[in-house]
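This report refers to the structure that appears directly beneath it.
Values below: all heavy atoms of this structure, side chains included; hydrogens, waters and symmetry mates excluded. First listed ligand is number 1; within each ligand, the first listed atom is number 1.
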Amino acid sequence: MTATVVVDVDGGAPYRIDIGAGLLGDGARLTGRWRGRHALIVSDAHVAPHYAEALAATLRDARPGARIATHVIEAGEASKTLANFSGVIDALATHGATRDACVYALGGGVVGDLAGFAAACWMRGIDCVQLPTSLLAMVDSSVGGKTAVDIPAGKNLVGAFHPPRAVLIDTATLATLPPRELRAGLAEVVKYGAIFDAAFLDWLEANADALLALDDAAIAYAIAASCRHKAAVVERDPFEHGERALLNFGHTFGHAIEAEQGFGGLVHGEAVAVGMVLAARLSARLGLAAEVDAMRLSRLLERFGLPVALPAGLDADALLARMQLDKKADARGLRLVLWDGIGRARIVAGVAAADIRAVLG
Ligand SMILES: NC(=O)c1ccc[n+]([C@@H]2O[C@H](COP(=O)([O-])OP(=O)(O)OC[C@H]3O[C@@H](n4cnc5c(N)ncnc54)[C@H](O)[C@@H]3O)[C@@H](O)[C@H]2O)c1
Ligand SMILES: O=C(O)C(=O)C[C@@H](O)[C@H](O)[C@H](O)COP(=O)(O)O
Ligand SMILES: [Zn+2]
């Protein structure tokens, strides 16, 4: 194993994030937090053919007599729906899952968010072990307990905070991840440098080629550093009453893009890449940060093959309207995550619609 990060929230059950190649074959580690007899593996149609059967066999070997079922959804953001949430709930019911059952979320962030939300709701909450297989899920969505589904009105609008019992990151699964999805995951890795850690952003610039080539050491370092940043902020602010919102850098724009495209255009990491550049440009426009920082962020994202401008055909006013349903908004209006420069994000209220409209073009 290359690293372990512990997430220890006051008043909550601490959980481990284990990172290493081959962890999906580690029966003892996989079943260590599973208390009952029933387990439901939730996966998607791209991931399940590679890993679901072997995972079920490993669980069976580690727990003779256990009842293990698998539920597979279609792959992609368009599957993170209330209908598929119902599908997972029905699978738990058909399986006869008792309160001590465990959901194993095997896949990217879509599977993790959907399966985690079903685990949060079944019998008012059962255990969920996150087994992220996309880079994005490894560095972000598997950690921190945000679970949700999308509705046509917007991203993640229906969900719950439900921390996982454990997170096992098997880095060997990245071998089958499509290149576009590797790049999308790198957007959320860049985010940690952008919001918290200028030295990490320097490191990403220096190691961009190694990361794109899936160099083992570089990838393991990037995953562990990202998980440490996420774990630290989640420990201090698990329910996003304050600084956790910094993790939303680029997301008010990004989520609006995803929703406006009907969850079938840019993937989440790509939309966040565009959103981070727009947030950096807005910060420069408002005099909070230098334009040169926005340009540096944009160059790094482009080097990772990510989009840095709004896709053609999107209507700026429609995006602005979508942004009003952002979960950081309150009765006083929108709150945006902007920055003072690389590594120094901050939450800003009261930004004029005209300024936001200006960066949307
Ligand atoms: N809960 C959180 O804190 C949080 C954080 C960030 C993102 N998210 C959510 O995560 C989702 C994005 O996650 P994502 O980028 O993983 O998308 P995803 O789950 O759609 O996975 C991306 C694609 O890669 C495929 N895939 C994943 N792992 C694979 C593997 N090892 N081999 C082959 N194919 C593989 C999937 O089937 C899918 O087609 C969004 O819905 C976003 O809102 C949540
Ligand atoms: O964990 C968080 O907090 C984040 O904001 C991480 C984001 O990368 C992630 O996309 C999250 O799902 C967004 O949350 P939301 O509350 O804006 O839906
Ligand atoms: Zn995100």
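Regarding atom 37 (O) of ligand 1, its nearest protein heavy-atom neighbour is D44 OD2, 2.6 Å. Counting protein heavy atoms only, atom 33 (C) of ligand 1 is closest to T176 O, 3.0 Å. Scanning the protein heavy atoms around atom 18 (P) of ligand 1, the nearest turns out to be V110 CG2, 3.8 Å. Regarding atom 2 (C) of ligand 1, its nearest protein heavy-atom neighbour is S141 CA, 3.5 Å. Given atom 3 (O) of ligand 1, the protein heavy atom at minimum distance is K230 NZ, 3.1 Å. With hydrogens left out, the protein atom closest to atom 39 (O) of ligand 1 is H46 ND1, 2.9 Å, a heavy atom. Of the protein's heavy atoms, K155 NZ, 2.6 Å lies nearest to atom 43 (O) of ligand 1. Scanning the protein heavy atoms around atom 28 (N) of ligand 1, the nearest turns out to be T133 OG1, 2.8 Å.
Those atoms of ligand 2 with a heavy atom of D140 less than 4.0 angstrom away are 6 (C), 7 (C), 8 (O). Atoms of ligand 2 found under 4.0 Å from any heavy atom of E240 (numbered from 1 in listed order, with element): 3 (O). With ligand atoms numbered from 1 in the order given, ligand 2 contributes 6 (C), 7 (C), 8 (O) to contacts under 4.0 Å with heavy atoms of K191. Of all atoms in ligand 2, numbered sequentially from 1 with element shown, those under 4.0 Å from a heavy atom of K146 are 1 (O), 2 (C), 3 (O), 4 (C), 5 (O), 14 (O), 15 (P), 16 (O). With ligand atoms numbered from 1 in the order given, ligand 2 contributes 13 (C), 15 (P), 17 (O), 18 (O) to contacts under 4.0 Å with heavy atoms of H255.
The residue among S43, G107, G109 with a heavy atom at the shortest distance from atom 14 (P) of ligand 1 is G109. Closest heavy-atom approach to atom 34 (N) of ligand 1 among the candidates P49, G159, P178: P178. When the heavy-atom distances from atom 24 (O) of ligand 1 to E74, E181, E77, Q130 are ranked, the shortest goes to E181. For atom 31 (N) of ligand 1, the nearest non-hydrogen atom from the set V47, T173, L136, L135 comes from T173.
Contact annotation for D113 and ligand 1: only side-chain heavy atoms (C-beta onward) come within less than 4.0 Å of the ligand. Neither the backbone nor the side chain of E258 has a heavy atom within less than 4.0 Å of ligand 1. Contacts between S134 and ligand 1 below 4.0 angstrom, taking non-hydrogen atoms only, involve backbone and side chain alike. The parts of L177 lying near ligand 1 are both backbone and side chain, judged by heavy-atom distances below 4.0 Å.
Restricting E188 to its N, O or S atoms, the one at the least distance from the Zn ion (ligand 3) is OE2.
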Show, in sequence, the C-alpha distance, side-chain angles and deciding distance for R37 and D100, and conclude whether the salt bridge (Lys or Arg N to Asp or Glu O under 4.0 Å) test is met. CA-CA 7 Å; R37 196 147 57 111; D100 51 5; over 6 Å; no
Go through it in stages, so that I can follow the logic: the residues are H268 and H251, the test is ring pair (Phe, Tyr, Trp, His ring centres under 6.0 Å), and I'd like the CA-CA distance, side-chain angles, deciding distance and then a yes or no. CA-CA 9 Å; H268 178 72; H251 283 63; 5.0 Å; yes
Go through it in stages, so that I can follow the logic: the residues are T2 and Y221, the test is side chain to side chain donor-acceptor pair (under 3.5 Å), and I'd like the CA-CA distance, side-chain angles, deciding distance and then a yes or no. CA-CA 9 Å; T2 52; Y221 179 81; over 6 Å; no
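Residue-to-ligand polar distances keep K155 apart from ligand 2: every N/O pair is separated by 3.5 Å or more. Annotation: K80 places an N or O atom under 3.5 Å from an N or O atom of ligand 1; distance criterion only. Annotation: H268 places an N or O atom under 3.5 Å from an N or O atom of ligand 2; distance criterion only. For the pair R244 and ligand 1, the shortest N or O to N or O distance does not fall below 3.5 Å.
Here the two rings, on Y192 and F200, have centers that are 6.0 Å apart or farther.
Ring planes of H229 and F196: parallel class, angle under 30° (limits at 30 and 60°).
Atom CG of residue L136 and atom CG of residue L177 lie 9.5 Å apart, to the nearest 0.5 angstrom.
In this structure the side chain of V110 reaches within 4.5 angstrom of the side chain of I73, judged on heavy atoms.
Considering V129, V103, L106 in turn, L106 is the only one that fulfils the side chain to side chain contact (heavy atoms under 4.5 Å, CB included) rule with I41. Just one of L297, L282, I195 meets the side chain to side chain contact (heavy atoms under 4.5 Å, CB included) condition when paired with W339; it is L297.
Figure legend: cation-pi geometry between R165 and W34 absent, as NZ or CZ is not positioned both under 6.0 Å from the six-membered ring centre and within 45° of its axis.
Residue contacts with ligand 2: K230 is included, with a non-hydrogen atom under 4.0 Å away. Not a single heavy atom of H255 sits less than 4.0 Å from an atom of ligand 1.
Around the Zn ion (ligand 3), the angle linking H268 (NE2) with H251 (NE2) is 100°, rounded to 10 degrees.
Taking 2.8 Å as the threshold, D140 does not count as a candidate ligand of the Zn ion (ligand 3), since none of its N, O or S atoms lies below it.
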